[in-house]
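This report refers to the structure that appears directly beneath it.
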Amino acid sequence: MALDLSGLNPDQRAAVLTTEGPLLVLAGAGSGKTRVITHRVVYLLERGVAPGNIVALSFTNKAADEMRERLQKMTGKAVADSLVLGTFHSVGAAMMREQPDHFGVPKKFGILDQGDVYGLVRAVLRDLGLHGQGAERRFDLGAIVQRISLWKNDFVSPADAQGLYFETEYDEAAAAVYGPYEERLRALGAVDFDDLIVRIATTLEENAAARAYWQDKFRYLMVDEYQDTNRAQLEVVRRLAGERENVCVVGDDDQAIYGWRGAKVANILGFDMYFKRARTIKLEQNYRSYAPICTCANAVIARNTSRHEKQLVPQRRGGDKVTVVVAPDGDQEARWIGRTIFREVRENGTKPEDIAVLYRSAKQCDAIEALLQEHGLAYRILGGQAFYDKKQVKDALAYLKVMIAPKDDLATRRALDVPSRGVGLKTIEHLSEFARHRNLSLAEAIHRSDEIADIPSRAAAGLRSFSAAVKRAQAHFYASGSAVAPLQGLLEGVGLREYVLKEAGSEAAATARWDGVVWLLEALGRFEQRGRARGQVRYNDFFQVMNANKDKDEGDEEDAARGKITLSTLHSAKGLEWPLVLLIGCEEGVMPHKRVSAPRISDAIAGDLEEERRLFYVGITRARDRLFITRAATRLERGAQVPRKPSRFLDDLPEAEIRVHDIARDERLGHDNIASMAEAFLANLAKGL
DNA sequence: CTTGCTCTAGTTAGG
DNA sequence: CTAGAGCAAG
């Protein structure tokens with residue numbers, strides 16, 4: 001297999017062929033970045049580098065999987081699978097598992113997920129008496145968790161944190177929690193996600209033997225989406241690279257949109273400060289979008305000051321102007337979007353999977369979702385609260401765990417809680433104590449609850465029926481070998497379905513919520529089927545998938561998207577592209593988001609206007625053929641119709657490349673604002689009747 | 001312990 | 001306007 005580089009442009013080829021020394025590849029949107037990375041790996045292999053000596057780090061499992069898939073096609077499965085290819089976290093975890101002593105972890109260490117971390121922090125807050133002590137002392141757990149995470153990734157120790165100057169009570173609370181939190185982690189023999197990176201960095205710094213071992217093993221490093229790295233990740237890269245500095249990082253500073261998560265754009269902006277011999281290659285040819293889209297994108301991003309100067313040079317000629325759509329109000333904006341998509345699909349024959357609606361914040365999709373439903377169009381939603389993350393689905397999942405993994409006390413507690421059955425905090429305390437004394441799980445304690453004194457009769461009755469329902473479901477499960485029907489029975493039996501339907505405000509909401517549970521049951525069925533085909537069903541894997549990766553169950557991106565319009569937050573849209581893109585709600589306060597200009601005290605990181613602009617840029621550059629940017633002149637906000645200012649980013653669009661479509665004016669609904677609003681009002685009335 | 005009322009806040013997300 | 005949380009009453 002000889003590597004064919006003829007399909008690459010000179011810059012791409014240079015990026016592939018520069019294998020020695022530090023290299024920064026600035027890959028503009030749609031510049032063929034993935035091809036460069038895969039070709040580069042194949043080239044290294046052809047030069048005789050052993051696959052085990054090549055490391056490619058990414059941020060998401062999805063990105064890592066996609067890279068592995070492409071490489072499998074080029075090199076065959078065996079070679080591709082022996083590359084070290086994965087997320088920072090997964091590679092870090094693998095290193096720690098290989099040398100637990102060096103990294104200071106037990107042989108079998110646990111990894112806490114977000115929920116566990118919240119639980120720990122809540123417990124520490126309680127210990128410190130900082131929680132639930134009057135209204136003024138109530139903290140948003142997330143804000144504290146975030147601060148601790150940011151400190152860890154900046155190598156700020158608990159002691160360091162105590163010594164910092166604090167502007168807010170949040171910083172103080174977080175500093176107080178940090179130390180005890182770390183102690184508890186250690187006591188549990190567990191690490192959190194941050195440790196998977198930070199511990200690698202510190203150990204490689206302090207332990208010469210470990211450093212020598214890993215530097216010898218990982219001879220060629222590649223990092224994708226480098227603009228998203230934080231301080232700890234930078235240090236992992238530097239310390240793995242050693243003096244050899246065979247580091248190739250690929251990224252785009254103009255698409256750095258995770259500063260609020262601790263990512264440092266400085267890592268990519270100052271790459272040659274950290275790696276003095278660095279060579280920089282810019283990939284500026286854009287193979288994705290028509291010229292007007294590229295021109296708009298260039299004009300917008302040029303307004304940012306801290307960036308590597310570069311352009312998108314469109315390789316596709318022609319194309320429509322970008323359309324800016326102005327609606328009189330939010331409702332009409334949504335209707336216009338629904339109508340436009342409907343026409344595209346039903347009259348112009350555009351494939352649904354070629355259309356995306358992008359927005360700044362997840363809630364904006366509600367209105368669009370409703371309209372697509374009205375038009376009978378299929379869609380999928382990226383970002384925002386994932387399906388499996390919704391309360392009902394988590395509840396159902398807890399019942400599944402209670403049924404097949406009864407030792408999971410966390411799940412038992414959750415299941416016990418919904419629907420309410422007269423069992424409260426006090427009773428659970430009694431149960432836990434009983435369990436602790438006898439070394440039982442919470443579930444076992446529940447089954448033997450009649451042995452426990454001090455349980456009120458109402459709670460006792462609740463526990464008895466819970467216990468009976470669980471036992472019945474378990475028997476059914478062991479007899480049938482499948483969890484689907486028993487779980488369904490259990491959920492009905494404990495009245496979860498009734499509860500979910502009753503809790504929801506409207507009929508539509510109730511159905512939507514229960515659909516989440518149905519979806520879980522279907523996913524479980526598919527999972528069992530796959531497992532049986534392979535010989536065994538490992539439910540633990542199912543829980544992992546549910547916990548960690550929403551897309552796993554859907555298979556690959558293309559399958560999941562087929563036949564569906566995509567609704568996505570701008571953050572989740574990064575890296576994707578569609579022929580037709582609608583970028584909606586482009587108003588001040590939404591984009592840029594108002595929290596950038598008016599931060600709250602719980603915000604650990606101040607918002608950044610340049611980052612907001614990059615977000616807008618990411619949105620524009622997702623479009624291949626056509627781009628619509630929409631906004632509303634007024635919007636219903638907290639019950640009142642308020643005027644909205646157009647996003648300042650719209651001012652940056654070059655007039656020659658855009659066309660403005662004012663819905664009120666162009667549809668001859670009237671020439672002045674009052675008339676169009678009256679029209680809109682009447683239209684709303686008609687809709688209501 | 002549960003229910004129902006009142007208050008408050010309301011970005012973005014991955015392992 | 002809503003969802004989630006806190007709090008007082010049954």
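Letters A, B, ... mirror the listed sequences (proteins, then strands); counts begin at 1.
Taking the side chain of A/Asp603 as heavy atoms from C-beta on, and the options B/dA13, B/dG15, B/dT11, the nearest nucleotide is B/dT11. Closest approach to the A/Lys363 side chain among B/dT12, B/dG10, B/dG15 is made by B/dG10 (side chain taken as heavy atoms from C-beta onward). The listed nucleotides are B/dT11, B/dG10, B/dG15; the one nearest the side chain of A/Arg638 is B/dG10. When distances run from any side-chain atom of A/Phe193 to the nucleotides B/dG15, B/dA13, B/dT12, the shortest one goes to B/dG15. Of the candidate nucleotides B/dT11, B/dA13, B/dG15, B/dT11 has the atom nearest to the side chain of A/Arg595.
Rounded to whole Å, atom C1' of B/dG15 lies 7 Å from atom CG of A/Asn61. At whole-Å resolution of the value, CD in A/Gln255 and P in B/dT12 are 20 Å apart. When rounded to the nearest whole Å, the span between CG of A/Leu570 and C1' of B/dT12 equals 9 Å. Distance A/Leu358 CG to B/dA13 P: 12 Å, rounded to the nearest Å. Rounding to whole angstrom units, CG of residue A/Asp140 and C1' of B/dT11 are separated by 13 Å. What separates CD of A/Gln233 from C1' of B/dG14 is a distance of 10 Å, to the nearest Å. The CZ-P distance, from A/Arg199 to B/dG15, rounds to 21 Å in whole Å. Atoms CG (A/Asp228) and C1' (B/dA13) sit 11 Å apart, rounded to a whole Å.
Atom P of B/dT11 sits at a distance of 13 Å from the matching atom of C/dG4, rounded to the whole Å. Nucleotides B/dT12 and C/dC1 have their P atoms positioned 22 Å apart, rounded to a whole Å.
A/Phe88 comes within 4.0 angstrom of nothing in the nucleic acid, heavy atoms only. Across all strands, A/Asp194 comes closer than 4.0 Å to base atoms (heavy-atom distances).
Note on ring orientation: taking the six-membered ring where Trp is involved, the planes of A/His89 and A/Phe193 are perpendicular (angle over 60°, cut-offs 30° and 60°).
Comment: A/Arg231 engages A/Glu235 in a salt bridge, judged by a side-chain N to carboxylate O separation of less than 4.0 angstrom.
For A/Thr569, no side-chain nitrogen or oxygen approaches OP1 or OP2 of B/dT11 to under 4.0 Å. Of the side-chain N and O atoms in A/Thr87, none sit less than 4.0 angstrom from OP1 or OP2 of B/dG14.
Where stacking is scored as ring centres under 5.5 Å apart with planes under 30°, A/Trp260 registers as stacked on the base of B/dT12. By the criterion of a centre-to-centre distance under 5.5 Å and near-parallel planes under 30°, the ring of A/His593 forms a stack with the base of B/dT11.
Aromatic rings from A/His593 and A/Trp260 are positioned such that their centres are separated by 6.0 Å or more.
Just one residue in the list A/Val236, A/Val84, A/Leu196 forms a side chain to side chain contact (heavy atoms under 4.5 Å, CB included) with A/Val91, and that residue is A/Val84. With A/Glu587 as the partner, the salt bridge (charged side-chain N to carboxylate O under 4.0 Å, His left out) test is satisfied by one option alone out of A/Arg635, A/Lys594, A/Lys645: A/Arg635.
Residues A/Phe649 and A/Leu615 fail the side-chain proximity criterion, which asks for heavy atoms closer than 4.5 Å.
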